[in-house]
Amino acid sequence: MTTPSTAPAATSSEFDYVIVGSGSAGAIMAARLTEDPDIRVAVLEFGGSDRSIFVQMPTALSIPMTRDKFNWGYWSDPEPGLDGRVMDCPRGKVLGGSSSINGMAFVRGCAGDLDQWEEAGAEGWNYASLLPYYQRLERTGFGDDSYRGRGGEVGVGNGNDRLLNPLYDAFIAAGEQAGYPVTKDYNGYQQEGFGPMQMNVASGRRQSTANAFLAPARKRPNLQIITGVLAQRVLLDGNRAVGVEVTRGGKTAQVMARREVILAAGSIGSPTLLQRSGIGPAAVLKEAGVMPVVDLPGVGANLQDHLEVYFQYRCTQSITLNGRLNPLSKAWIGARWMLTKTGLGATNHFEACAFIRSDKGVQWPDIQYHFLPAAMRYDGRAAFDGHGFQVHVGPNKPRSRGRVAIRTPMAEDAPSILFNYLTDPRDISDWRKAIRLTREILQQDALAPFRGNEIQPGFGVQSDDEIDAWVRENVESAYHPSCTCKIGRDNDPMAVLDRDCRVRGVANLRVADSSIFPVITNGNLNAPSMMVGERASDLILERDPLPPSNAPAWFDPAWETRQRAGEPQRAV
């Protein structure tokens with residue numbers, strides 16, 4: 001059995017703060033902490049440069065996600081709720097982390113999501129308190145000043161192709177015809193509705209945290225970015241974190257922290273690093289051959305993710321991206337992007353979206369749509385010959401919970417990941433609603449000039465049993481694993497962190513990334529992960545929090561009326 005390493009009396013690699021992970025939160029913390037020239041920070045990243053054209057060009061998003069150079073390449077264990085399928089779980093292994101390989105959709109989540117965090121035990125992590133941190137990090141040219149940021153580092157745009165392809169507006173109009181609202185800014189006053197999708201793309205380039213935060217900060221002499229190192233374990237002096245043991249090329253080194261060690265390795269990396277350090281569920285650690293130091297049963301538990309399926313239709317007009325997937329078209333798109341940073345290379349192509357509620361008993365949106373004017377897979381291949389379009393859809397507030405657990409003490413060995421997708425019967429019911437509502441939306445008149453045959457699911461999929469079977473066979477991860485080191489109250493035995501992101505039972509050790517969410521948000525996770533990095537920076541430096549916002553958020557007054565009347569309802 002391996003005993004967690006103890007720090008030596010002295011080392012030449014010593015910093016004030018050591019941050020493990022350069023991703024959505026880690027890069028922001030590195031930049032914010034080193035604004036003080038007297039603070040020395042080391043960022044540890046196993047991946048390498050993000051300068052590849054495939055990382056920087058938005059339309060190439062499917063390439064880094066499927067390359068070992070940029071992706072950890074995790075897979076789940078056989079999923080019991082999906083007939084034993086194993087599911088892909090890509091995570092960024094590059095400067096910028098997953099913000100350098102994701103789909104660039106910029107979604108904060110709705111106000112109710114963040115208020116739910118506080119209700120779940122994350123005291124002070126509510127919408128009013130967190131909105132100012134979203135505003136601080138972003139730079140937008142649209143929306144209401146009460147909700148949007150103007151001078152931040154991360155450029156957020158509405159894309160550049162929506163007006164060029166009529167399918168985007170047809171999808172939004174179909175939602176309105178089906179009785180849903182239209183929202184011009186789902187990150188503003190009202191998330192619910194159909195409208196243009198926002199992406200963290202600016203001047204035609206991906207706005208990863210490596211581009212937005214690390215690139216300007218790396219010129220500072222008090223920031224050292226150390227790539228190619230694999231974090232094996234947190235070094236402990238008793239119950240106090242004092243550094244990180246790393247390996248590179250078969251050699252071991254120690255990077256010491258005078259003040260704190262901060263884990264920002266993501267929802268898979270952070271809990272497994274804690275476990276290898278002897279911090280986590282004692283039974284899991286012992287089985288993996290690690291001596292427990294602090295028994296924290298919540299480390300690696302509470303794993304949540306979003307699932308999605310593709311609704312695909314043939315398109316009766318030759319206006320889709322399927323006509324641009326040939327080598328010559330791709331070469332032209334790439335050349336134009338390299339020369340001008342414009343054109344189809346400068347977008348992720350998800351330029352229309354929607355957030356809806358699955359029924360009147362739901363307080364805020366729990367289903368999300370990404371619309372794509374093409375019928376294709378995530379790897380960039382066409383789904384069928386000819387032209388088509390698709391919408392990605394899935395319920396966003398699952399009740400099923402999974403876990404992450406190390407198998408051995410070595411970071412080189414992939415952990416056991418089990419999401420337990422669809423093992424809660426309520427999730428199955430939500431999927432039936434999502435499929436039926438989606439079909440109703442896509443059959444509206446606004447899409448009639450473009451709509452051909454339904455390719456999948458196909459109109460033969462109608463009954464509950466048929467929908468259930470099709471979903472189990474075809475559903476895919478939306479790549480949003482989260483919640484494995486959750487913030488919670490002192491009396492919650494599964495809470496890993498206190499409200500200040502400090503690991504319970506260990507001094508000078510924090511976690512700040514998507515693993516700290518108590519509950520997954522209704523949307524893509526890059527934006528809330530960046531917000532965590534912003535807020536955690538102030539917590540680490542013991543600064544006064546930003547003043548809470550008084551900007552109102554939309555709510556359904558009929559929901560409150562039903563609540564007063566005692567009608568059945570639920571928060572998602």
Side-chain angles (χ1 to χ4, degrees), residues 23-25 55-65 90-92 96-110 113 134 137-140 142-143 148 154-162 168 171-172 183-188 191-202 204-209 211-212 305-310 321 344 346-356 365-374 376 378 380 390-396 476-482 514 517 520-532:
S24 299
V55 171
Q56 297 299 321
M57 183 166 60
T59 194
L61 63 96
S62 65
I63 297 175
M65 193 178 292
R91 296 287 85 201
S98 293
S99 77
S100 290
I101 71 168
N102 67 5
M104 292 158 284
F106 191 84
V107 184
R108 294 172 174 176
C110 69
D113 284 330
Y134 278 116
L137 70 88
E138 75 176 15
R139 182 179 70 258
T140 62
F142 57 87
R148 306 314 304 253
V154 179
V156 179
N158 271 332
N160 62 9
D161 191 41
R162 189 170 66 87
Y168 292 116
F171 173 70
I172 295 170
T183 182
K184 293 183 179 179
D185 182 4
Y186 59 78
N187 283 319
Q191 186 192 51
E192 184 175 22
F194 283 67
M197 188 154 211
Q198 299 165 29
M199 61 186 78
N200 45 299
V201 173
R205 296 179 63 189
R206 174 191 290 271
Q207 288 288 282
S208 66
T209 54
N211 281 337
D305 188 23
H306 292 145
L307 289 171
E308 64 180 11
V309 295
Y310 309 159
L321 295 175
L344 293 178
T347 174
N348 64 6
H349 304 291
F350 292 108
E351 300 205 12
C353 67
F355 301 87
I356 68 171
D366 61 334
I367 294 175
Q368 180 180 4
Y369 294 96
H370 301 67
F371 182 81
L372 185 67
M376 59 194 300
Y378 254 126
Q390 68 190 37
V391 62
H392 299 212
V393 58
N396 267 1
E476 298 184 12
S477 171
Y479 307 141
H480 300 157
S482 55
S514 64
F517 302 178
I520 196 168
T521 54
N522 183 48
N524 310 68
L525 299 192
N526 190 35
S529 299
M530 289 192 286
M531 176 273 293
V532 166

Is there a donor-acceptor pair closer than 3.5 Å between any side-chain N or O of [X] and the backbone N or O of [Y]?
X	Y	value
E138	R148	no
Y134	R108	yes
E308	A478	no
T183	G195	no
S529	S24	no
R91	G97	no
H349	L372	no

Which atom of [X] lies closest to which atom of [Y], heavy atoms considered:
X	Y	value
Y479	P481	C-CD, 3.2 Å
P64	A60	CD-O, 3.1 Å
G204	A346	CA-CB, 3.7 Å
M376	Y310	O-CE1, 3.9 Å
Y186	P196	CE2-O, 3.4 Å
S100	V55	O-CG1, 3.4 Å

Verdict with reasoning, E351 to M199, per side-chain contact (heavy atoms from CB on, under 4.5 Å): CA-CA 8 Å; E351 300 205 12; M199 61 186 78; 3.9 Å; yes

At what distance, to the nearest 0.5 angstrom, does [atom1] of [X] lie from [atom2] of [Y]?
X	Y	atom1	atom2	result
Q191	C353	CD	SG	8.5 Å
L61	N102	CG	CG	8.5 Å
T521	H480	OG1	NE2	8.5 Å
M197	Y369	CE	OH	13.5 Å

Criterion side-chain contact (heavy atoms from CB on, under 4.5 Å) on I356 and F194, from CA distance to verdict: CA-CA 8 Å; I356 68 171; F194 283 67; 3.8 Å; yes

Geometric class of the H392/F350 ring pair [parallel <30°, tilted 30-60°, perpendicular >60°]: perpendicular

Plane angle bin for F371 and F171 - parallel if under 30°, tilted between 30 and 60°, otherwise perpendicular: parallel

No-hydrogen, no-angle side-chain donor-acceptor test under 3.5 Å, R206 and N348: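 No.
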
D185 versus Q198, side-chain donor and acceptor atoms under 3.5 Å: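 Judged by distance alone, the side chains do pair up.
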
Residue from V156, N158, N187 passing side chain to side chain contact (heavy atoms under 4.5 Å, CB included) with T140: V156

Identified side chain to side chain contact (heavy atoms under 4.5 Å, CB included) counterpart of M104 within the set N526, N524, N200, T347: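 When side chain to side chain contact (heavy atoms under 4.5 Å, CB included) is applied between M104 and each of N526, N524, N200, T347, only N200 qualifies.
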
Side chain to side chain, I520 and N396, heavy atoms closer than 4.5 Å: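 They are not in contact (no side-chain heavy atoms under 4.5 Å apart), so the answer is no.
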
